[in-house]
Each structure stands twice: as structure tokens, then as C-alpha cells.
Amino acid sequence: MLQLSIIREKTAEVLERLKLKNYDGAQIISDILRLDDTRRESQKALDDLQAQSNILAKEIGILFKQGKADEANALKEKTADLKSRAKELDEKLESARKELEDLLVRVPNLPHQSVPPGKTAEDNEVVLLEDALIPSSGDYLPHWELAAKYDIIDFATGTRITGAGFPLYKGKGARLQRALINFFLDQALAAGYTEVQPPYMVNAASAFATGQLPDKDGQMYYAQVDELYLIPTAEVPVTNIYRDSILKARDLPVKNVAYSACFRREAGSYGKDVRGLNRLHQFDKVEIVQVTRPENSYQTLEEMRDYVAGLLRKLELPFRIVKLCGGDMSFTSALTYDFEVWSAGQKRWLEVSSVSNFEAFQSNRLKLRYKDEAGKIHTAHTLNGSALALPRIVAALLELNQVNDGISIPTILRPYCSFKIIN
RNA sequence: GGAGAGGUGGGUGAGUGGCUGAAACCAACAGUUUGCUAAACUGUCGUACGGGAAACUGUACCGGGGGUUCGAAUCCCCCCCUCUCCGCCA
């Protein structure tokens, strides 16, 4: 969530930037400002009242000790009035606070100045294109046909076991998954990330802190009896490692990497581009998460972007990087780069990674801060990126590497697969 | 799931109604001393929200929420969590 001080001090700019996300904040921001005034007035009044009560209570204690019960009892009567006024103020304060909080968490993050305007993916800005490896001609089957041909992914059985969007990987298909996960983790380790294995279910507080709630309620699987959510990405548990904490300056930047299965209900997306591995309810992903000082977060974003690009080059996949336009960005992000690989069988780009800087948006909810060298406390910045999500990588790999007698495995993955070809 | 014990500052841990935002010790940080390291000594050492140009100051917070009381870390109720034993179990 946004810092109240920014809304208060730079109201016009906030509204302007929100418009980039096609978000009209006029009403909600004015409500927030009004509630904030109420909150502050009530708090000041209540604090003063409390101060008086504290003084009286102290005096009463002293009087009793001196045996002056009459005087003490006389003072007691005065406190009754203070108490009832305090109660009233307290209720007013609490309701203002709660209302304020409810509104505040519904305001999306401000997009960075460099975010291009626009409404849909059409308006995203291609910032890097590496298309030399896109085949200019030839027949390339889509991955679902290849999956069937070589019996490596069984969609029908997955559907029978669970439902659509839960594929069953078999034989070399399963081994390729495992190889990719290990490859991605090893690469991240080499780049200085620390590997963590997070829980796959989180409580509401965690889902709230990274911004999935209340914005994405309904997109997560929810185990009602235990009030737990299946994670849509490792970002949620891994970022929540630092909820309610104050890191030391020397601990920054925090660089974590985690493999996890991810679960998404994908409600509302039935029927479009859901064939094969294109859109799943359960998939595997290796996620990188960083916590940085505010002044370093954009440099870190570029580093993460370069890192992900490096992975795709090593996998010999044609790809492009797009900077998301305001309308296509997520609720929580200030700047996002999407990575798209070329699907030779489907003749289109597939999103395989999203690298974002959330600035202080998540940290404000997480209460994630750090103490600088002078002992001053600041809100940290958080970033994360997929590095990478498996299914569409697998789709692109299978489709692009079709050879006469099977599917050739990219050189760098061969030691991880311990086979060179799927046939 | 059943029974019991317990949750206090970064850690250990004292504190059963007012003088306690909280002893002491450890850790951490700054400095002094020493030829270096170590040690010793001195000092600093919670967070949030208000007020103030600042020095500073008000309020709240001892797992969370509610209650009793003039006054709660301390008493009462509910919830959560941890530990021990039993049960179940990869």
C-alpha cells in the first residue's frame, strides 16, 4: 500500500500517476484524506485525555498510600467523566482507522515515471528483441501434439485425476521438468541467491502482505477448514519471510531463490489460450526475490532483468522483453518487465517471466524495514521475478527443437537431463 | 485429537495491581586503553502513531482480542502459538 504521507503531500501527483494505470482515484483519495484528518484529530484528543487520566490515577495511588481515602475517592469521580469521553473517542478513532486501512489497501501502486501509457498488452513497449533463433520456415508442431507423440505429458490422465489444467508429466517429460528446476536453481545460486524452500500454503496475513488479498481474492485456491491459501507463486511465502522485521543495513540486499509448485484458479480465463501447457492450474516455477535499499531498487531490477535474459540465452530460446504499459501492470507493481519466448508451433509469444519492482508497496504492508548505518529506520524495497516458470519454457523448447528423430535437448540442459533427445 | 506447562525487548530471564517501557546478564553498536588479536573499562542500545524548527515531548504496545479497576505485564474470559506426555502418522 502507499504511504499515507505521500498521498497527503503529493496528492495531485498521486492521482496523475494512478491514471497511468487507468485508475481513477479521485474519490478514494479524497475519502482517505478526510479519514486521515479524523483519525489524527481523534488521536490527539484521545492522547490528551489519556494523559489526564494517567496523572489522576497516579495521584489517586499516592493519596491512598498516604491514607487520604476521602480525597482519593473524590478524584475517582472525576475519572468517570474522562473515561466515558475516552471511550467515545476511542470508538471514533478505531472506526476511522479501520475505514482508512480498508481504503488504503485498495489503492494500487503508483507506476514508475518511465511506464508507458496504455490499456492492454498491445500497448506494451518492446525493449529488447532477440529473434535470431526464430525459424524462418519449416513445419513445427505445437507442443501438445509433441507431448502426445512422445508420450511425455498426459493431459487426459491429469484431467481424470484432478481436472483440466493439472497435467501429468511422464518419463522424459518428468525428467525434463526436474532438470529445468535444478538448472534454474543452480544458475541462481551461482548468481549469489540463497535457496529457500517455502511452505506451499499461506495464511491470510501473508497473502495480504504481498498484495494478493484483497485484490486477487478468488484467484487463489482456499482451504476453508484451515483458512489457508495455496500459493499462486513462491513470491508470497518468500517475501513474507521478512514480514514484521527490521533488517540490518549489512543484510541488504537480500537475495533469495525458491522453487515451488504454483496454484492458480485462473477463474474467468477459460477458453482462451488454454491449450496444452499455455495456462495451467498447477505449474512449477523458480522465483527470485530481492529486498533492497530504496536507492538501489531500480539498478537491482535491471540486474534481475539481465539475469533472466541470460537464462533464456543459455536455453537458446528466441525471446523478447516488454515493459508493461500502465494498464497491463499488476496492482502491486511500480515497473514490470515481461519476458516472452517464441512458440514455434503456435507462432506467437508466450510469457515466461515477469520481473517487477514493487518499491515500498509490499514493504508497507509487510512492515519490512531496515536500519541504516546511522540507526535510522526506512522502508525497504522488494522485487521479484520468475526465473523461470516451467510450462511455457517446456512448450517453447519442445516446439523449437524438433528434429527428424525426436526433440533435441539444448546443450546446457543435457547434464541435467542425462539424455540428449526425447524420442 | 486428549492432558499438562508456558508465551516479557535481538537472546537468556526477573517482574502477581501504582515508584515498570519494563531489573540483570549476554549479544550488538560507539569510544577509551593495549604494539596487533583478545581482554578490560565507559557510554548507547525497542517500535508505532501524534505534537514540535529542534532539544524534546504525549499516547499506545510485555502472543492476539475483550473485560474488571481510579490504575493491569501482573486479576478474569475467549482465541492463537510453542513445549512435554499420550494417541495417530510420512
Side-chain angles (χ1 to χ4, degrees), chain A residues 1-9 32-105 197 199-209 213 223-229 237 240-252 254 261 291 360 362-380:
Chain A
M1 73 193 157
L2 299 178
Q3 230 155 326
L4 246 177
S5 55
I6 289 174
I7 295 178
R8 214 153 52 200
E9 286 155 27
I32 285 171
L33 290 173
R34 178 179 49 77
L35 284 164
D36 183 45
D37 284 343
T38 309
R39 192 204 99 223
R40 291 204 287 172
E41 275 167 29
S42 311
Q43 187 181 340
K44 180 89 179 79
L46 182 62
D47 282 0
D48 291 347
L49 224 51
Q50 283 293 359
Q52 286 182 52
S53 297
N54 288 344
I55 291 166
L56 277 178
K58 215 158 262 180
E59 284 175 8
I60 291 169
I62 292 166
L63 288 172
F64 270 123
K65 207 152 274 181
Q66 293 172 341
K68 299 175 181 167
D70 289 350
E71 288 179 47
N73 285 321
L75 277 185
K76 272 198 201 180
E77 280 168 33
K78 279 175 76 177
T79 64
D81 172 52
L82 287 180
K83 264 177 100 173
S84 74
R85 275 160 61 201
K87 195 174 156 121
E88 219 171 278
L89 274 171
D90 189 52
E91 279 162 11
K92 194 173 166 194
L93 176 62
E94 275 318 303
S95 82
R97 213 178 241 156
K98 195 175 174 307
E99 256 184 274
L100 181 61
E101 178 84 3
D102 284 349
L103 293 182
L104 213 45
V105 300
Q197 273 200 19
Y200 285 7
M201 300 188 96
V202 294
N203 56 32
S206 291
F208 174 84
L213 289 179
Q224 201 163 16
V225 279
D226 296 302
E227 298 179 26
L228 294 174
Y229 296 85
N240 269 281
I241 294 171
Y242 306 100
R243 174 146 54 90
D244 289 321
S245 51
I246 301 175
L247 301 174
K248 297 191 181 88
R250 65 163 175 269
D251 295 332
L252 298 178
V254 167
V291 180
Q362 290 183 329
S363 291
N364 282 330
R365 294 182 172 215
L366 286 156
K367 299 198 173 59
L368 164 54
R369 294 147 298 170
Y370 75 97
K371 198 174 261 188
D372 69 19
E373 289 76 1
K376 261 198 94 182
I377 287 169
H378 309 272
T379 307

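Below, read A as the first sequence line, B as the second, and so on, with proteins coming before strands; counting in each chain starts at 1. As a basis for the values below, the full set of heavy atoms in this structure was taken, side chains included, without hydrogen atoms, waters or symmetry mates.
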From the candidates B/C70, B/A48, B/U59, the one with an atom nearest any side-chain atom of A/Ala51 is B/U59
Of A/Leu46 and A/Ala57, whose nearest nucleotide on RNA chain B comes first from the 5' end? A/Ala57
Any carboxylate oxygen within less than 4.0 angstrom of a Lys/Arg side-chain nitrogen, looking at A/Glu94 and A/Arg97? yes
Which part of the nucleic acid, if any, lies within reach of A/Arg97 when heavy atoms closer than 4.0 Å are counted: base, sugar-phosphate only, or nothing? nothing
Can you check side-chain contact (heavy atoms from CB on, under 4.5 Å) on A/Leu368 and A/Thr379, steps first, answer last? CA-CA 6 Å; A/Leu368 164 54; A/Thr379 307; over 6 Å; no
When the P atoms of B/U44 and B/G50 are considered, how many whole Å apart are they? 29 Å
The nucleotide from B/A60, B/U47, B/G50 with an atom nearest the side chain of A/Gln50 is B/A60
Just checking, is any N or O donor in the side chain of A/Ser206 or A/Arg243 under 3.5 Å from an acceptor N or O on the other one? yes
Of all the nucleotides listed (B/G51, B/C49, B/G71), which has the minimum atom distance to the side chain of A/Arg39? B/C49
Where the side chain of A/Lys83 is defined as all heavy atoms beyond and including C-beta, which of B/G71, B/G18, B/U59 is the nearest nucleotide? B/G71
Minimum-distance nucleotide to A/Arg369 side chain [options: B/C29, B/A48, B/G58]: B/A48
Are A/Asp251 and A/Lys248 close enough for a salt bridge, meaning some N to O gap below 4.0 Å? no
Can you tell me if the side-chain N/O atoms of A/Lys371 get under 4.0 Å from OP1 or OP2 in B/U47? yes
Just call it for A/Ile377: base, sugar-phosphate, or nothing, with non-hydrogen atoms closer than 4.0 Å on any strand. sugar-phosphate
Nucleotide opposite B/G6 in a Watson-Crick or G-U pair, distances under 3.5 Å: B/C81
Closest-nucleotide 5' rank along RNA chain B - winner of A/Ile55 and A/Lys58: A/Lys58
The nucleotide from B/C19, B/G51, B/C70 with an atom nearest the side chain of A/Lys76 is B/C70
Tell me which nucleotide, if any, is Watson-Crick or G-U wobble paired with B/A24 when both distances must be under 3.5 Å. B/U12
Taking any heavy-atom pair under 4.0 Å as a contact, classify A/Asn54: base, sugar-phosphate, or nothing. sugar-phosphate
